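Everything below concerns the one structure shown next.
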Amino acid sequence: MSEHIYDEGHTVAGWTGVAVAAVGAALAGVGVCAGSAAAIAGGLVVVGVSVLVTWGLHLAGWGKPPGVRPRAEWGMRVRDSGARGGHSGCAGCRLAGRGRTAVGALSVAGSTVGGDGTGMEVHGAAVVGGGSGADVGRGAS
């Protein structure tokens with residue numbers, strides 16, 4: 001058996017999310033048995049809240065990054081110090097705007113509008129009207 005199996009989901013965020021989702025599922029189940037639309041809807045709302053609770057705890061450092069952690073970080077009481085900056089490859093961190101690398105904008109000085117007789121207009125450095133295979137400046141081939 002592989003050692004990394006014991007690292008999967010053993011976090012405060014994981015267990016709390018599962019517990020809240022279980023309560024929501026139980027409430028929805030009681031609603032189905034009782035024929036109560038309000039209990040079913042309430043249970044589904046609680047299940048939705050479990051996703052938000054798990055996500056919030058993950059962002060607070062009580063979850064785990066994707067992949068296998070070192071064995072010393074497997075404990076439930078070990079808080080993830082890298083959560084504040086975001087985990088690369090983590091959908092939850094990307095949704096929160098963490099873990100993205102900043103991409104600088106390029107500013108190019110140029111004429112406002114220029115044409116070369118081919119029907120293409122050039123705005124600064126961007127070509128308007130040309131696809132990926134457009135022949136800019138040479139006319140139609």
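The structure displayed is predicted, hence computed values, not measured ones.
Both Val53 and Val12 are part of a single hydrophobic cluster, where members link through side-chain heavy atoms under 4.5 Å apart. By the criterion of side-chain heavy atoms lying less than 4.5 angstrom apart, applied directly or through intervening Ile, Leu, Val, Met, Phe, Trp or Tyr residues, Val46 is not grouped with Leu52; the two fall into different hydrophobic clusters.
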Next on the checklist: Thr54 vs Thr16, test: side chain to side chain contact (heavy atoms under 4.5 Å, CB included). Steps then yes/no.
Outcome noted: CA-CA 7 Å; Thr54 305; Thr16 304; over 6 Å; no
Next on the checklist: With side chain to side chain contact (heavy atoms under 4.5 Å, CB included) as the criterion, how do Arg98 and Cys90 come out once you've worked through the C-alpha distance, each side chain's angles and the decisive distance to 0.1 Å?
Outcome noted: CA-CA 9 Å; Arg98 296 182 181 179; Cys90 176; over 6 Å; no
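Nearest heavy-atom pair across Ala39 and Gly31 is CB-CA, 3.5 Å. Among all heavy-atom pairs drawn from His58 and Lys64, the shortest one is CE1-O, 3.2 Å. Nearest heavy atom pair, residue Cys93 against residue Gly86, reads SG-CA, 3.9 Å. The shortest non-hydrogen separation linking Leu59 to Ala83 is O-CB, 4.0 Å. Shown here for Ala21 and Val47, the closest heavy-atom pair between the two residues is O-CG2, 3.8 Å.
Remark: side-chain polar atoms of Trp55 are paired, donor with acceptor, to backbone N or O of Gly92 under 3.5 angstrom.
Arg84 CZ: 12 or fewer foreign heavy atoms inside a 6.0 Å radius.
Here the CZ atom belonging to Arg79 is positioned 9.5 Å from the CG atom belonging to Leu57, to the nearest 0.5 angstrom.
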